[in-house]
Engineer: 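Quick one: structure below, then a few questions.
Not measured: the values here are computed from a predicted model. Counting starts at 1 for both ligands and their atoms, in listed order.
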Amino acid sequence: MKDEYRHKGQRRKMIDELRALGITDEGVLEAIDRVPRHFFLSSAFEQFAYQNKAFQIGSGQTISKPHTVAKQTELLQLSAGEKVLEIGTGSGYQCAVLCAMGYKVFSIERQRNLFEKARPLLAAMGFKPDLFYGDGYKGKAVFAPFDGIIVTCGAPEVPEALLKQLKIGGRLVIPVGEGDTQRMFTLTRTTEADFVREEHGDFAFVPMLASRAQDK
Ligand code: SAH
């Protein structure tokens, strides 16, 4: 695992592309600059790692597009030291970007093999998220409340448990919809019972699935 000069150059170009696509948060762009995305892809895709594309990561899942990662991270609007819960660890790339932002990161993955792969990779990169194998629909009540929750798979609806685990003032960033594309929403908790919902355009995600009866 080497982060070479050419990778750094490709990353800079990708960041210019993210700026052109409307990402303005400099903290997010810096975090993306610090995380070698090619570490999260199999060697067959390494040369494409800095293109704004999703790639297969095994078990029918994909690493999100850099623009999607940047957009969701930007929408969280958190500060260093705050607590964030991610649903769908997948390759671990989005998780690494959240760690690079300085957040206290918790992440849940329902596919055992992806969970097993992401854990040593993130540790080897010096990141220290709390990773869990389980069903993200339930969130992680023992570590709640969270300042932010980010769902990185397309949810058929907004899971009630996740809303309950937000701090007042906290935000859920979630793509909702069951077709080929999902609509990105933020739900900001303004009081114990009230949430402000905003829409942020269409994105494409693999589906959020209920817990598995058994591993494949
Ligand atoms: N954040 C990831 C994106 C991976 S794709 C990355 O940067 O690579 C979405 C992931 O969500 C997949 O790995 C999928 O297995 C996982 N997922 C789907 N439904 C889930 C659920 N109910 N709980 C937890 N993870 C889930």
Side-chain angles (χ1 to χ4, degrees), residues 14 18 28 31-32 34-42 45-46 48-76 84-101 103 105-122 125 127 129-141 143 146 148-162 165 172-178 180-182 184 203-216:
M14 181 176 87
L18 295 177
V28 171
I32 285 178
R34 281 207 299 278
V35 180
R37 188 173 186 248
H38 62 281
F39 289 3
F40 297 87
L41 294 170
S42 72
F45 296 127
E46 188 191 318
F48 309 118
Y50 297 101
Q51 296 182 0
N52 186 30
K53 288 187 183 150
F55 293 104
Q56 299 297 324
I57 53 171
S59 308
Q61 308 305 322
T62 55
I63 181 172
S64 301
K65 278 183 176 188
H67 175 248
T68 304
V69 171
K71 185 70 189 178
Q72 287 199 281
T73 309
E74 192 171 70
L75 288 173
L76 276 171
V84 61
L85 173 67
E86 178 191 29
I87 311 302
T89 315
S91 68
Y93 176 64
Q94 168 78 75
C95 183
V97 171
L98 296 172
C99 292
M101 294 293 290
Y103 307 152
V105 184
F106 301 82
S107 184
I108 309 174
E109 173 56 53
R110 71 183 280 284
Q111 302 260 15
R112 165 86 62 186
N113 59 334
L114 294 177
F115 164 76
E116 297 288 2
K117 228 166 121 181
R119 200 165 41 171
L121 175 59
L122 289 162
M125 293 175 74
F127 296 122
D130 278 310
L131 301 179
F132 305 94
Y133 167 61
D135 181 9
Y137 267 99
K138 302 189 191 101
K140 207 73 203 166
F143 293 103
F146 299 98
I149 301 178
I150 172 175
V151 178
T152 71
C153 33
E157 77 232 322
V158 177
E160 200 60 36
L162 300 185
Q165 292 174 25
L172 170 64
V173 179
I174 183 166
V176 182
E178 290 185 279
D180 289 342
T181 61
Q182 289 75 34
M184 190 72 75
F203 292 81
F205 286 86
V206 294
M208 183 173 191
L209 301 167
S211 65
R212 299 169 68 95
Q214 58 183 64
D215 273 346
K216 276 202 183 129

Engineer: Name all pairs fulfilling the side chain to side chain donor-acceptor pair (under 3.5 Å) condition that reach into residues 62-75, sequence neighbours left out, sorted by first residue then second.
Structural biologist: Thr73-Gln94
Engineer: For the 3.5 Å polar cut-off, considering only N or O atoms, please tell me whether Gly88 and ligand 1 meet it.
Structural biologist: yes
Engineer: If you count the atoms of ligand 1 from 1 in the order shown, which ones are under 4.0 Å from a heavy atom of Ser64?
Structural biologist: 3 (C)
Engineer: Number the atoms of ligand 1 from 1 as they appear, then name those within less than 4.0 Å of a heavy atom of Glu86, with their elements.
Structural biologist: 1 (N)
Engineer: For Gly136 and ligand 1, does the shortest N/O to N/O distance drop below 3.5 Å?
Structural biologist: yes
Engineer: Atoms of ligand 1 less than 4.0 Å from Val206 heavy atoms?
Structural biologist: 5 (S), 9 (C)
Engineer: Supply the atom-to-atom distance Ile174 CD1 to Leu75 CG, rounded to the nearest 0.5 angstrom.
Structural biologist: 13.0 Å
Engineer: Show which atoms of ligand 1 fall inside a sub-4.0 Å distance from at least one heavy-atom site of Tyr137.
Structural biologist: 22 (N)
Engineer: Any non-hydrogen atom of Val69 lying under 4.0 Å from ligand 1?
Structural biologist: no
Engineer: What atoms of ligand 1 come within less than 4.0 Å of a heavy atom belonging to Met208?
Structural biologist: 18 (C), 19 (N), 22 (N)
Engineer: For ligand 1, note which part of Ser59 has a heavy atom under 4.0 Å away: side chain, backbone, both or neither.
Structural biologist: neither
Engineer: In Å, rounded to the nearest 0.5 Å, how long is the span from CZ of Arg110 to OH of Tyr137?
Structural biologist: 9.5 Å
Engineer: Can Ser107 be said to touch ligand 1, with heavy atoms closer than 4.0 Å?
Structural biologist: no
Engineer: Quick one: which ligand 1 atoms are inside 4.0 Å of a heavy atom on Ile108?
Structural biologist: 24 (C), 25 (N)
Engineer: Give a yes or no answer on whether the side chain of Gln165 reaches the backbone of Lys140 with a donor-acceptor pair at less than 3.5 Å.
Structural biologist: yes
Engineer: Flag Ala210 as yes when one of its N or O atoms lies below 3.5 Å from any N or O atom of ligand 1, and as no otherwise.
Structural biologist: no
Engineer: Hey, which atoms in ligand 1 end up nearer than 4.0 Å to a heavy atom of Gln111?
Structural biologist: 15 (O)
Engineer: Quick check: do Met125 and Phe39 have side-chain heavy atoms less than 4.5 Å from each other?
Structural biologist: yes
Engineer: So, for Pro175 and Val151, which heavy atoms are closest and what is the spacing to 0.1 Å?
Structural biologist: CD-O, 3.1 Å
Engineer: Under 3.5 Å, which donor-acceptor pairs link side chains of residues 152-160 to any protein atom two or more places apart or in another chain?
Structural biologist:
| from | atom 1 | to | atom 2 | distance (Å) |
| --- | --- | --- | --- | --- |
| Thr152 | OG1 | Ile87 | O | 3.0 |
| Thr152 | OG1 | Gly88 | O | 2.8 |

Engineer: Nearest non-hydrogen atom to atom 8 (O) of ligand 1 belongs to which of Ser91, Gly92, Gly139?
Structural biologist: Ser91
Engineer: Under a 3.5 Å distance rule, please check whether Glu109 uses its side chain to pair with a backbone N or O of Gly90 as donor and acceptor.
Structural biologist: yes
Engineer: In this structure, is the centre-to-centre distance between the rings of Phe55 and Tyr93 below 6.0 Å?
Structural biologist: no
Engineer: Where the closest heavy atom to atom 7 (O) of ligand 1 is concerned, which of Lys65, Gln72, Gln94 has it?
Structural biologist: Gln94
Engineer: Indicate yes or no: at least one non-hydrogen side-chain atom of Cys95 is less than 4.5 angstrom from one of Leu131.
Structural biologist: yes
Engineer: Just which atoms of ligand 1 are under 4.0 Å from any heavy atom in Pro207?
Structural biologist: 18 (C)
